[in-house]
There are 2 protein chains.
Amino acid sequence: MSSRDRLIQVTARLIREKGMAATGINEIITAAGLPKGSMYHYFPGGKEELVKAALHSYKDWLGQSFKARMKGSTTAEQGLCGIVDFFIHDLTSSHYVAGCPVATVALESAGTAPGVTEGVREVMDHWIASLCAYLQYKGLAGNLTTATDFITQLEGALVMARIYQSTEPLERLKLKITELLQNEHTTP
Amino acid sequence: MSSRDRLIQVTARLIREKGMAATGINEIITAAGLPKGSMYHYFPGGKEELVKAALHSYKDWLGQSFKARMKGSTTAEQGLCGIVDFFIHDLTSSHYVAGCPVATVALESAGTAPGVTEGVREVMDHWIASLCAYLQYKGLAGNLTTATDFITQLEGALVMARIYQSTEPLERLKLKITELLQNEHTTP
DNA sequence: TTATAAAAATAGACCGGTCTGTCTATTTTT
DNA sequence: AAAAATAGACAGACCGGTCTATTTTTATAA
């Protein structure tokens, strides 16, 4: 992996675990095994640019994972269920250290760093659009609202899962998927 | 207000806006107009103890607000709607700087500071129990699950609201309250 | 193919500032 | 007089970021 990619990967992991403010530049370059010069060579914009690149990498990574789980399933219900399972696996295998890759940064930056929040928004938009395309592909009259509702509930479940160190909130979300899909295309 | 309370209030506001890691002790004491000696006099445990005290204050404050909105409403639907409206007001009047008081800290501390996460969990437990008691008071066969589901969806909506700087996620939650209550006590 | 110039990347010392936390006084209250 | 609270200097570590070399790679020309 290139030095640039290594910086992004390390940053992505650290901000996912403890957020942006608690993740230092020195910590990042030490974990990546690179000198500070390299970091500011690839990311002249400093920490903010690096964080945005890390968010961007999540956009691609999760977007791909979403598509894979969608296309590998026969029904929309199964697809959404697979996405939830994906996060269940991530949570348990990391002992609840790895939650939603962007939520922590989103809350940290909401009032203070508009540029970072914009990056978060781009990731969200991509996830929702990706999900929406899948729902339509599966023949559902799914619109952006349906996909947005699912992601919203997923975010809530991920917050609660990390607080209580339990997958129960996500298991409950899985139970509600059918109902969520049914209710959506009956309402205007 | 006592010096101790002032420290708690200031800390509560700051961690709500930008989290725990980005909020410094010096910033807190400056905003509170107190010397460092006072801070470590009241909170010998340092930053963590102060943050936990701030979380505790949120427990009381929001718990009271919840009860007030519940008792002031005729139906359970109206009560829950009032809670959502409470957050809508907080978000808009603060220009989306003030979201859920504990979510940011919850995500920041989930993997790194167990003591703080425990504080978050105590707040959540209190909110859920308070909500549950209200649902039963209103004659619903509401159990902990119903209240937990509502809070979970509220958390998700609050995250999305801050990302998109919009109250729409919360407005959509309001529309789903009736359905949420109906579905709950029909399932075992 | 080799010599050389230009560009890219690596390396880390260093800067001013801020971090949490400690410590000793001094003032205020009991 | 004793206890509580206020006051802030100070310490050692770390912060993000800048800056100058040095090494490595790439491109070009003989």
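To find a chain, count down the sequence lines: A is the first, B the second, and so on, and within it residues start at 1.
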Closest contact, heavy atoms only, B/Gly63 versus B/Trp127: N-NE1, 4.0 Å
Just checking, any donor-acceptor pair under 3.5 angstrom between side chains of A/Ser73 and A/Tyr134? yes
Just checking B/Lys47: base, sugar-phosphate only, or nothing, at a heavy-atom cut-off of under 4.0 Å? sugar-phosphate
If I take atom NZ in residue B/Lys36 and atom P in nucleotide D/dC10, what distance separates them, rounded to the nearest angstrom? 14 Å
Length of the CE-C1' vector between B/Met20 and C/dT20, whole Å: 14 Å
More than 12 heavy atoms of other residues, nucleotides or ligands under 6.0 Å from NZ of A/Lys67: is that the case? no
Between C/dT10 and A/Tyr40, is there an OP1 or OP2 to side-chain N/O distance shorter than 4.0 Å? no
Answer yes or no: does a side-chain N or O of B/Asn26 lie under 4.0 Å from OP1 or OP2 of C/dC19? yes
Which whole-number value in Å describes the distance from B/Leu7 CG to D/dA7 C1'? 14 Å
Touch check for A/Gly37, heavy atoms < 4.0 angstrom, all strands: base, sugar-phosphate only, or nothing? base
Atom-to-atom span, CD1 of A/Ile25 to C1' of D/dC19 - whole angstrom: 16 Å
Between C1' of D/dG17 and NE2 of A/His41, the distance in whole Å: 17 Å
Have a look at B/Ser2 and say if it touches a base, only the backbone sugar-phosphate, or nothing, with a 4.0 Å heavy-atom cut-off. nothing
Between A/Arg16 and the options A/Thr23, A/Thr104, A/Asp90, A/Thr11, the side-chain hydrogen bond (donor to acceptor under 3.5 Å, both in side chains) test singles out A/Asp90
Watson-Crick/G-U partner (both atom distances under 3.5 Å) of C/dT28: D/dA3
Could you give the CD1-to-P distance, from B/Ile28 to C/dG21, as a whole number of Å? 11 Å
In whole angstrom, what separates B/Met39's CE from C/dC19's C1'? 13 Å
Look at the side-chain N and O atoms of B/Ser3 and state whether any lies under 4.0 Å from the OP1 or OP2 oxygen of D/dT6. yes
Round to a whole Å and report the spacing from CD1 of A/Ile29 to P of C/dA13. 11 Å
Is it the case that over 12 heavy atoms from other parts of the model lie below 6.0 angstrom from the CD atom of A/Glu168? no
Measure from the side chain of A/Pro35, starting at C-beta and using heavy atoms only, and say which of C/dA9, D/dA5, C/dA11 lies closest. C/dA11
Under a 3.5 Å limit on both distances, the Watson-Crick or wobble mate of D/dA9 is C/dT22
